[in-house]
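Below is one structure; the comments refer to it alone.
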Amino acid sequence: MNLDRRLLHLLIAARGWFAAAVASGVGAVACTVVQAWALSRAIGGVFLRQETLRSVSCFLALFAGAAALRYALNWLGAAAGARVAERIKRDLRDRLTAKLFALGPEHVAGGRSGELAGTLTRGVEVLDAYFAQYLPQLFIAALAPLVIPGVVFPRDWLSGVILLVTAPLIPLFMMLIGSTAKRMTDRQWQALSRMSAHFLDVLQGLPALKLLGRAREQADGVALVSDAYRQATMQVLRVAFLSALALEMLATLSTAVVAVELGLRLLRGGIGFELALMILILCPEFYGPLRALGARFHAGMEGVSAAARLHEILDAPLPPQSVAAPAAALGQSPSTIPHPPLTIAYSSVSFAYPSRSAPALASISFELRPGEITALVGPSGAGKSTAAKLLLRFIGPDSGRILVNGADLAQLPPEEWRRLVAWLPQRPHLFHGTLAENIALARPEATAADIEAAARAAHVHEFVAKLPQGYATLIGERGARLSGGQAQRVALARAFLKDAPLLILDEPTSALDAASEAAVSDAMQRRAAGRTTLLIAHRMATVRTAARVVVLDGGRVVEQGTPAELLRNADRFAAMLALNVEAGA
Amino acid sequence: MIRLLALLRTERGWMLLATVLGLATILSGVGLLMTSAFLIARAALRPSIAEIQVAVTGVRFFGISRGIFRYLERLVSHEVTFRLLTRLRVWFFRAVEPLAPARLAGTRSGDLLARVVADVESLEHVYARLLAPPAVALLTALLCAWFFGRWDARLAWALFGALFAGGVVLPLVMQAAGKRIGARLVIVRAELSVAAVDGVQGLADLLIYGRAAAQQEKLGALNREWTHLQRRLTSLNGLGEALLGLCQAAAVVALFALAAPQVTRGALDGIMLAVFTLGVLACFESVAPLPQAFQNWGQQRQATQRVFAVADVAPAVPAPLRPQPLPETHDLTLDDISFRYAPEEDCVLRHFSLQIPAGARVAIVGPSGSGKSTLAQLLVRFWDVTAGAIRLGGCDLRELEPHALPRVITMVPQQPWLMGATLRENLRLAKPDAHDTELLGALAAVKLERFVDSLPEKLGTWLGDQGLQLSGGQRRRLALAQALLRATPVVVFDEPTADLDPATEREIMDLIWSLDAARTVIVITHRPIALDRASQIVRLG
């Protein structure tokens, strides 16, 4: 019946409004009974008792009054249901947001981020129909049928039996056919989703198809796939719509059976006309809530499956040392925060991702010294980014320690620690806002001059100057698109503006051409003075700026020293450099 | 809107059938209640059983027919919807194909194209959500009014008036009332979704730059406004539904007040009093979907405008009036060409000349922004030069039939695109009649042989968004395999090694330079590596 215990648990917060929604629904059904009685009395009066319009006008007024009350209750019910949905969605979204932020980037970033952002918006939205419509309707459908037979039974037990016997069949059919249809759609889901994605896919591929001389004939392909999609979907729908057929059939056939049965008994004088007419009018009203429930059955199914995803996120275990834990919660006093200059030592640090068997880092030790650039190099998958993430406190070491000026990093409150860190990620995120806002992320109070200085240092100013709106240009999700290299330089300016004693740069020049690469490397070197810098790189042009190089491979430190020393050893570093000299010549 | 309907008139037979079935469904409901009322009222007068036999049959018939009509109507209207979708897609594809890629924003921002496609797809509902509800409601109202009017014209007007008030006036009033909330809702939804994406994808940056709490607060504020607005809109819709119910009750009272005196006077059979009253109750079912149709109207109109705005753009590369046949020789001449993307923009290329004899190995290098990729796109006529001319075998590219050019020049783009289809189908895009052995041969040449062997479904493996995700290097190699299969006399590679690690970079370049010596190879790159085998190196910028 699409009742999810944990979703129902959410109702507790809004139980008052929910009760109001259900009560007004049941009240409205009671009003329909009054309406039916008044109307059949008025009709019967004029039809059989030779009464005039004037003499039955009180019944007509009662009908109108009951109708007014009924629809007022309906409105109240809708408004109350809307309040339930508002309250629950708001709380749920707030809790999800807090949870995602607490889980931290390690859990949230990557391929699933789009899906998670969607869950936060649309995923919660699906519950609107569940709480505002489906759930109240479910309770009303369970309670309302008791009201009408309650009125009908004492007066005419035969019609009452017909109503009571047919009513439970409706939800039964709904469930039976609903689950069959669901199995069919599930089975065809992959084929269907591939076909529905085909059109956009081909349109996006138009330039490529043109290059292959295959663009024009794809129109036939579009028609073919669309037709195949239609046929496959119709096949599913033929079964899926059977539930609607069964519902309609039951409701209308029962009405027909009641009408015929009433007519035959009227013929023999077994029942009065007005009672018979009242039962006939109530018949569609009786099936109404059940049919409404059928119409919202889908909303119920969607709600429950969306809820499963939401609970999955809410139940995800927090990382051992919460990356977003407030400083106070850790009981740390700010005095333990180290003062720059910072000397950082990795001491036998190991880390393994839960999803992978091999450790990402196996007991690595090296040191970052103030005023120096330390370059971390190695093939992809060597553990370079993992080492940086540990320093950023997105993850914590499984064993070993990272010491900052001799103090264990794990003992520092993450928020306080991150004040000392500026970071250029491999794929920086540009926020929806102006270029200036994006650069000034760390210091919203920065002046235009500060921003421009950072932008010049990161070679952002050159292309910003060419934009018609300069630093006021909107970028990000719905703004102008920047190339990968431009985005990286904006993030570099962001890191420069923060002016923190520890600078972590993850492949800062991967999307740049040779000239920009050299310019940015220069800027980095100037910035490194007086700071501690960790540089992750696979391009040698940037590595040459480093005072020290740590070569990682398979999660282990295989070599370290100055670039010159490593070159003399003619080992791995030298081999990598050779490949790159050729590449970067 | 009219253009849209004209486009869709091919499906009018199906639409008519769906409308008739929709009408039949509603009328069955009306018929069921009216014949039932007739049956009971007639039976109350205690005639012989034979006299109510017809009514009993009618009740049974409508009792069964309604469900069946409803089922058929839903099937046929979905059939219509999917047929319209096919029609719209094919039409849109044909309209947009000449525009790609120059006039199609898709090359620069994929989501814009995705939005237009979402618009195209939303128009599939134009029948079921926009045309059908008013058509069925109007026909129901006319038929019921006609039926009532056979007894008394005033009854017909009262019924029609009530249906009009509930089905047309009320939705319009409610829509006007909800307009402000609706407009704000659209804005807040967009802001919320941006804030969610920023919060999730930018979480690392937010944490490092101390802005996580601020972002969380922003999300919370948007969340509160969004849910609050939605609550108000839902309540408003509830009010609309309640008012429609009141219209229905008012119609019953009005009909009764009109008919009752006539029954008293003996001008109207008392049985009909019951029939009319229940008939009124039943035919309001037809106007219930109208508020939704009114809401859809605005959305569908805007979607239609956006779709036609794209489809109406003039192509950037017009087809020649008298196309020349493809030339026999394949020397390329770039004769003093200049190019800019739009009249108000700066020239990307200025007075550039270059001779590329057939069979040459040319490397075109230069920093980013120097117009290299533009040059590649000019060679395959994605754009036309602003001044000067590009000649192939002495013949201006603009004189050639645009669809014939790919038979001579293949370009491997910077970001190779793979269709959501099997590996085999992707390769066959390059050579439709190629046999599996030929495909495997091409894969072997680009050193993908072992990779394909490792796939459980070999050439039948599904690629693209919903299939196997390939690495950048693998995509490049596949594109290279396509180029091998095509075997055109000229091949252009746009940045074939960007984002690749040095070892892969080297391998790909080796493959490119060792293409069959009769073919012209043009490599465009910002990374001047492995160019030792080029016969000609051109620097741009």
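Chain A is the first sequence line, chain B the second, and so forth, proteins listed ahead of strands; every chain is numbered from 1.
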### Query
Is chain A contacted by the side chain of B:R70, its backbone, both, or neither, given a heavy-atom distance below 4.5 Å?
side chain
### From CA spacing to verdict: salt bridge (charged side-chain N to carboxylate O under 4.0 Å, His left out), A:D220, B:R94
CA-CA 10 Å; A:D220 299 331; B:R94 291 225 165 93; 3.7 Å; yes
### Task
Pick one of side chain, backbone, both or neither for B:V492, based on which atoms fall under 4.5 Å of a heavy atom in chain A.
neither
### Query
By a 4.5 Å heavy-atom criterion (distance strictly below it), what part of A:A223 contacts chain B: side chain, backbone, both, or neither?
both
### Message
Is B:L219 close to chain A through its backbone or its side chain, or both, or neither, when contacts mean heavy atoms under 4.5 Å?
### Response
side chain
### Query
By a 4.5 Å heavy-atom criterion (distance strictly below it), what part of B:L405 contacts chain A: side chain, backbone, both, or neither?
neither
### Query
Under the side chain to side chain contact (heavy atoms under 4.5 Å, CB included) criterion, do A:Y71 and B:L243 qualify, and how do the steps go?
CA-CA 7 Å; A:Y71 295 118; B:L243 288 175; over 6 Å; no
### Message
With rounding to the nearest 0.5 angstrom, report the CZ to NE2 distance, A:R83 to B:H228.
### Response
8.0 Å
### When B:A212, B:G202, B:G67 are compared by non-hydrogen pairs under 4.5 Å with chain A, the top option
B:G202
### Task
Sort B:L429 into side chain, backbone, both or neither according to what part of it lies under 4.5 angstrom from a heavy atom of chain A.
both
### Query
Between the side chains of B:Q230 and A:E125, does any donor sit under 3.5 Å from an acceptor?
yes
### Interchain contact, B:A214 with chain A, by part (heavy-atom threshold 4.5 Å)
neither
### Query
Given that the side chain runs from C-beta out, which part of A:L250 has a heavy atom under 4.5 Å from chain B: side chain, backbone, both or neither?
neither
### Message
Under a 3.5 Å cutoff, is there a donor and acceptor pairing between the side chains of A:R93 and B:N223?
### Response
yes
### Task
Go through the structure and list residues passing salt bridge (charged side-chain N to carboxylate O under 4.0 Å, His left out) with A:R87, not counting sequence neighbours.
A:D91
### Task
Look at B:D205 together with A:R494 and state whether they make a salt bridge at an N to O cut-off of under 4.0 Å.
yes
### Task
State, without any angle test, whether A:E86 and B:W226 hold a side-chain donor-acceptor pair at a distance under 3.5 Å.
no
#### Entry: Short N-O contact, B:R231 and A:D128, less than 4.0 angstrom
no
### Query
Can a donor-acceptor pair be found between the side chains of B:T227 and A:R90 at a distance below 3.5 Å?
no
